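Report on the following structure.
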Amino acid sequence: MPEFSRPVPSKLPHVGTTIFTVMSRLAAEHHAINLSQGFPDFNCAPRLVDLVTQHMKAGHNQYPPMAGEPSLRDAIAEKVKQLHGARYDPEHEITVTAGATQAIFTAIMAVAGHGDEVIVFEPAYDSYVPAIELAGATPVYVSLAYPDFRIDFDALEQSITPRTRVIMINSPTNPTGTVFPAEDLRRLEQRLAGSGIIVISDEVYEHIVFDGKQHQSAARFPELADRSFIVSSFGKTYHVTGWKIGYCLAPRALMAEFRKVHQFNVFTCNTPVQLALGEFLHDPEQYLQLAAFYEKKRDCFRDAIAASRFELQPCRGTYFQCVRYDAITDEPDADFALRLTRENGVAAIPVSAFYREPPPHRILRFCFAKSEDTLARGADILCRI
């Protein structure tokens with residue numbers, strides 16, 4: 001086939017293949033233990049698969065309503081009310097999405113455009129900035145304060161201008177495992193009072209919070225919730241990242257704008273999976289036990305590499321463990337991650353990939369959403385480096 005000969009102006013000229021795809025592909029090429037991309041290597045609950053199969057066999061294989069199956073939206077509303085004391089109208093304030101990334105993209109496209117600024121806290125998940133740029137808005141970067149990766153409110157204040165349209169927050173935070181405390185959400189709520197600034201709160205790891213702490217959803221703070229799109233993910237909660245089903249909560253006026261975009265970029269999502277999730281959500285234990293499940297894996301991995309030359313960083317949530325490697329090499333983290341995969345057989349993600357410019361600290365991110373055998377084999381290699 002002849003190549004297209006005319007130059008194509010890129011809407012994302014500085015964007016290449018995502019680091020997660022690069023590292024997972026490299027891990028496969030070198031038969032390395034993949035502790036890079038954030039997906040489990042174990043199965044979901046068998047009952048969940050059975051429910052999907054039942055709904056497929058029952059003939060529920062056509063389009064559901066654009067906003068999502070009513071039974072699933074009802075179950076989400078009940079869950080949010082029980083966990084956070086917040087009431088969302090399933091008909092007008094909850095939309096089921098094709099994963100959390102689509103929900104975030106849709107929210108940005110719905111409310112940000114040319115002339116707007118969107119504040120992003122770094123390190124930031126890599127889908128945020130491309131979505132902002134595709135919307136025609138300008139990303140404004142604010143670094144979370146190292147080493148705790150908490151919000152630097154002085155830096156945030158300096159970044160807010162009359163053009164600020166959106167502030168994006170992510171807690172529990174990928175990649176650092178930080179969990180924002182209630183005082184930070186309350187302070188943000190107070191700062192934004194009376195403004196026209198919208199919040200997009202990425203809460204996909206909401207059920208993976210450790211050491212007896214509680215996830216502080218934006219839904220818990222009424223004046224913050226009134227200006228927020230809140231995004232979550234069934235893939236992270238139920239070990240089914242490949243199903244790509246999430247949801248978004250927002251007050252009615254914001255959700256109306258969200259749905260205007262949603263109906264034209266995906267329209268709706270997988271019917272039998274939605275119906276199955278709607279039933280599965282009625283068993284709260286399935287998500288309430290998630291913190292203890294992953295805390296055990298976190299502790300297993302941390303204990304296994306404690307004797308290594310990697311320096312463990314705090315991990316208060318998510319299923320990611322960050323480490324410093326100053327005692328091993330002074331290579332940039334991207335270079336070290338590549339070498340670690342090729343020469344040692346363990347794949348990790350360089351945290352610099354979550355920044356516009358590489359930070360002064362050198363950190364790798366490992367995913368511990370893996371079987372005990374996978375973690376043990378990976379840790380054994382890391383301890384010999």
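Both backbone and side-chain heavy atoms feed into the values below; hydrogens, waters and symmetry mates do not. Fair warning: this is a prediction, and the values are worked out from it, not measured in the lab.
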Say whether I160 and I108 are linked into one hydrophobic cluster, either directly or through other cluster members, by side-chain heavy-atom distances under 4.5 angstrom.
-> no

Go through N265 and T106 one step at a time and tell me if the side chain to side chain contact (heavy atoms under 4.5 Å, CB included) criterion holds.
-> CA-CA 8 Å; N265 66 3; T106 301; 3.0 Å; yes

Taking it one step at a time, do S352 and D333 satisfy side-chain hydrogen bond (donor to acceptor under 3.5 Å, both in side chains)?
-> CA-CA 7 Å; S352 63; D333 61 355; 2.6 Å; yes

If you take the centroid of each ring, where Trp contributes its six-membered ring, are [Y] and [X] closer together than 6.0 Å?
X: Y355; Y: Y141; result: no
X: Y146; Y: F149; result: yes
X: F42; Y: H239; result: yes
X: F320; Y: F366; result: no
X: Y319; Y: Y294; result: yes

Please confirm whether the backbone N or O of [Y] pairs with a side-chain atom of [X], one donor and one acceptor, at under 3.5 Å?
X: Q289; Y: Q286; result: yes
X: Q313; Y: V323; result: no
X: T329; Y: E331; result: yes
X: D41; Y: S371; result: yes
X: E295; Y: F210; result: no
X: R362; Y: D330; result: yes
X: R365; Y: T176; result: no
X: R377; Y: I33; result: no
X: H262; Y: F267; result: yes
X: S233; Y: G235; result: yes

Between [X] and [Y], is there a side-chain N and carboxylate O pair less than 4.0 Å apart?
X: R186; Y: E189; value: no
X: D335; Y: R339; value: no
X: R191; Y: E157; value: yes
X: K213; Y: D211; value: no

Side chains of E122 and P359: does their closest heavy-atom pair fall under 4.5 Å?
-> no

Compare all side-chain heavy atoms of E78 with those of K81 and state whether any distance is below 4.5 angstrom.
-> yes

Euclidean distance, [Y] [atom2] relative to [X] [atom1], rounded to 0.5 Å:
X: F121; Y: S171; atom1: CZ; atom2: OG; answer: 11.5 Å
X: H84; Y: Q216; atom1: NE2; atom2: CD; answer: 9.0 Å
X: C367; Y: Q37; atom1: SG; atom2: CD; answer: 9.0 Å

Carefully, step by step, assess N170 and Y205 under the rule side-chain hydrogen bond (donor to acceptor under 3.5 Å, both in side chains).
-> CA-CA 9 Å; N170 173 211; Y205 298 100; over 6 Å; no

Atom of [X], atom of [Y] and distance for their closest heavy-atom approach:
X: P123; Y: V351; answer: CB-CG1, 4.4 Å
X: A219; Y: A86; answer: O-CB, 3.5 Å
X: N174; Y: Y125; answer: ND2-CD1, 3.4 Å
X: A337; Y: L364; answer: CB-CD2, 4.0 Å
X: A379; Y: I305; answer: CB-CG2, 3.6 Å
X: A276; Y: H55; answer: N-CD2, 3.8 Å

Passes side chain to side chain contact (heavy atoms under 4.5 Å, CB included), Y325 versus L340? Steps please.
-> CA-CA 12 Å; Y325 58 87; L340 190 66; over 6 Å; no

Verify side-chain hydrogen bond (donor to acceptor under 3.5 Å, both in side chains) between R316 and T178, making sure each step is shown before the conclusion.
-> CA-CA 6 Å; R316 299 183 174 91; T178 304; 5.8 Å; no

So does R227 have more than 12 non-hydrogen atoms from other groups sitting under 6.0 Å from CZ?
-> yes

Just wondering, more than 12 heavy atoms not from R163 lying within 6.0 Å of its CZ?
-> yes

When you measure from the centre of the six-membered ring of [Y], is the NZ or CZ of [X] closer than 6.0 Å and no more than 45° off the axis?
X: K79; Y: Y287; value: yes
X: R298; Y: F368; value: no
X: K370; Y: F39; value: yes

Checking V52, I76, L72 against L277 for side-chain contact (heavy atoms from CB on, under 4.5 Å), the one that qualifies is L72

Please walk me through it: do E29 and R342 pass salt bridge (charged side-chain N to carboxylate O under 4.0 Å, His left out)?
-> CA-CA 9 Å; E29 288 174 0; R342 290 168 176 152; over 6 Å; no

Looking only at the side chains, is there a donor atom on one of [X] and [Y] sitting less than 3.5 Å from an acceptor on the other?
X: D126; Y: T18; value: yes
X: E117; Y: T161; value: yes
X: E203; Y: S201; value: yes

Test D184 against L188 for side chain to side chain contact (heavy atoms under 4.5 Å, CB included), laying out the working first.
-> CA-CA 6 Å; D184 284 5; L188 183 63; over 6 Å; no

For side chain to side chain contact (heavy atoms under 4.5 Å, CB included), just list the numbers for F234 and Y247, CA-CA rounded to whole Å, side-chain angles, deciding distance to a tenth of an Å, and then say yes or no.
-> CA-CA 8 Å; F234 291 113; Y247 61 88; 3.6 Å; yes

Begin from the C-alpha positions of E206 and S217 and carry the test side-chain hydrogen bond (donor to acceptor under 3.5 Å, both in side chains) through to its verdict.
-> CA-CA 8 Å; E206 60 174 324; S217 173; 5.9 Å; no

